[in-house]
Amino acid sequence: MSDALSTTVMKGTGVVAGTAYARAVRVRPRPELPTADGTVAEGDRPAEYDRFITAADTVAARLDARSEQAEGSAAEVLKATAGMVADRGWRKAVRKAVSSGQSAEYATVVATDKFVAMFEAAGGVMAERTTDLRDIRDRVIAELRGEAEPGLPEIDGEGVIFAEDLSPADTATLDTDHVVALVTELGGPTSHTAIIARQLNLPCIVAVGATVRDIPADEMVLVDGALGTVTRGADPDLALAAVAESRERAALIAQWRGPGRTSDGHRVQLLANVADGNAARLASDAQVEGVGLYRTEMSFLSTTEEPGVDEQARVYRRVFDAFPESKVVIRTLDAGSDKPIAYANLDEEENPALGVRGLRIAHGNEGLLTRQLDAIARAAEGRGDNAPTWVMAPMVATAEEAKWFAGLCRERGLTPGAMIEVPAAVLMADKIMPHLDFVSIGTNDLTQYTMAADRLSPRLAHLTDPWQPAVLRLVRHTCEAGAEAGIPVGVCGEAGADPALACVLTGLGVNSLSAAATAVAGVGAQLAEVDLERCREIADAALAAEGAAEARETVRTMLRA
Ligand code: PEP
Ligand code: MG
């Protein structure tokens, strides 16, 4: 790095490793929002509404055209956004505001505010869609004013994108020939930007804060996605050397072939996290040994009535069919908190992350759980010994819960396990594990509950960091208890997607790691470079650190040496 005086390092949460050195590119700003005017004369109101319709249709057509050029989930996101611009309810709300004399621009704001309030009241995943709503509002307003569409500009050469947060439509059409890294002021490790960056394998840092606004467009910046740093004034030679090293690593990752093992042959099963049959089919092309977490609730987020056993079995079978010869770990409904399910959750809770979520729902409604277990058993019929079906419960906190859940599974010939994601379950592992055949540590929630920090809060990303030694100590305790009880311990939170952390987890005694399928090769390639003894040494170093940043940096240095 050049002399410390002219070098500034800004720190966020690195979510995709990799180094990039390129000029800063800012997303085109959102339009200034209009205020109420109410001055459109009655006779002009139909034409004013037509003006809105023309603009909305233009925006929808543009999104549709981009969706046709895109592929896979990018195409779906764009199509869904175009669908929102065409939404009849939203357009009706605009017409109502126009017919009371508001301009098309302001009517667009009024209609959007109404829908944002509705989505926010619904909470969870619906609330996350408010970003899309505001995105279409801004695009339509810019179109009405004849301004350039907000969002990503065309990029010449290579660029690092800086944004407050990226809208799904922006991330869906990232031009990966030119975009070499993403940096957002907001967002967290599970935000939309992070998920897309992981899919595209683009170095990405989130939650850097507003200080990055000081970086003028076109200034050269060095981004290190593993450390979560943005460096201004970096020495160009050193920066380019770091980029070359990162490219070498990318080449190693591309060549890596499973199964997962350390350099001395210690096996670590690498598995995929999936949300539905489509994701499972995509994951089956990756170097994974099966599914380590099928989040069943993701299939029912917009389902209002509980699906019957047959219907559920059909949904689950799509995932099983993608892995006919491999292990699938299926999780029973983890409804609640950020994933409310209309037919499972209470309407209102003061504090849903600490509320009736996950297995807790079944205490007052055992039929909901047993019908799901029946459906899982039915879907798993005929799967041979090569394709074990393991079933785990989310949010287990006590030994009674583990025993009760295991009993219901065993009655149906299913192999029971539990997520370890509540600190109480770690502390009681010696009592919980004897009832079970396996456990899987959910580091996302285990970190949230250990650090008492909302996993969705961008301002707490430094706390909701699985490198927190407090969390790693709980992982160690869980692995020790697993070895004592003679059952395997996996990790299926986002921690399993971080190659350096994967070595730490292996050193702590974790037997399998489950992550987004796109992250698995990076983890496998890193594990292949270290032996088990080294994994244990770096795990000790991480446990001995004072905090998450020190743990991460110590381990990274040790891995480089
Ligand atoms: C976790 O909490 O780490 C986990 C894997 O479950 P989810 O992210 O679905 O809560
Ligand atoms: Mg969880």
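Just follow the structure's listing: the first ligand is 1, and inside any ligand the first atom is 1.
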Number the atoms of ligand 1 from 1 as they appear, then name those within less than 4.0 Å of a heavy atom of Cys492, with their elements. 5 (C)
Parallel, tilted or perpendicular: which one describes the rings of Phe300 and Tyr316, with boundaries at 30° and 60°? perpendicular
With a sphere of 6.0 Å drawn around CD of Glu411, does it hold more than 12 non-hydrogen atoms of other residues, nucleotides or ligands? yes
Numbered atoms of ligand 1 (with element) below 4.0 Å of Arg455, judged on heavy atoms: 2 (O), 7 (P), 8 (O), 10 (O)
Positive for side chain to side chain contact (heavy atoms under 4.5 Å, CB included) with Phe438, one of Asn511, Val489, Val329, Val391: Val329
Would you check whether Glu494 reaches within less than 4.0 Å of ligand 1, judged by its heavy atoms? no
Take every heavy atom of Lys339, measure it against each atom of ligand 1, and state whether any distance is under 4.0 Å. yes
State whether the shortest distance between N or O atoms of Thr443 and N or O atoms of ligand 1 falls below 3.5 angstrom. yes
Hey, are Arg476 and Asp540 close enough for a salt bridge, meaning a charged N less than 4.0 Å from a carboxylate O? no
Using a strict cut-off of 4.0 Å, indicate which atoms of ligand 1 neighbour a heavy atom of Gly442. 1 (C), 2 (O), 3 (O)
Under the 3.5 angstrom rule, does the side chain of Arg536 hit a backbone N or O of Leu532 as a donor-acceptor pair? no
Whether Arg534 and Glu537 form a salt bridge (side-chain N of Lys/Arg under 4.0 Å from carboxylate O of Asp/Glu) is what I want to check. yes
Starting from atom 7 (P) of ligand 1, which protein heavy atom do you reach first, and at what distance in Å? Arg295 NH2, 3.5 Å
Ligand 1 atoms in contact with Leu293 (distance to a heavy atom under 4.0 Å): 5 (C)
Protein residue, atom and distance nearest to atom 4 (C) of ligand 1, heavy-atom basis: Met419 CE, 3.6 Å
How about Lys403: does its NZ atom have over 12 heavy atoms from other parts shown lying under 6.0 Å from it? no
Answer yes or no: is there an ion pair linking Arg281 with Asp321, defined by an N-O contact shorter than 4.0 Å? no
Closest protein heavy atom (residue, atom, distance) for atom 6 (O) of ligand 1: Arg331 NH1, 3.0 Å
Centroid-to-centroid, Trp404 to His363, below 6.0 Å? yes
List every atom of ligand 1 that sits less than 4.0 Å from any heavy atom of Asp334, numbering the atoms from 1 in the order shown and giving each element. 10 (O)
Minimum-distance atom from the Mg ion (ligand 2) among N, O or S atoms of Asp445: OD2
Using 2.8 Å as the threshold, say whether any N, O or S atom from Glu421 sits that close to the Mg ion (ligand 2). yes
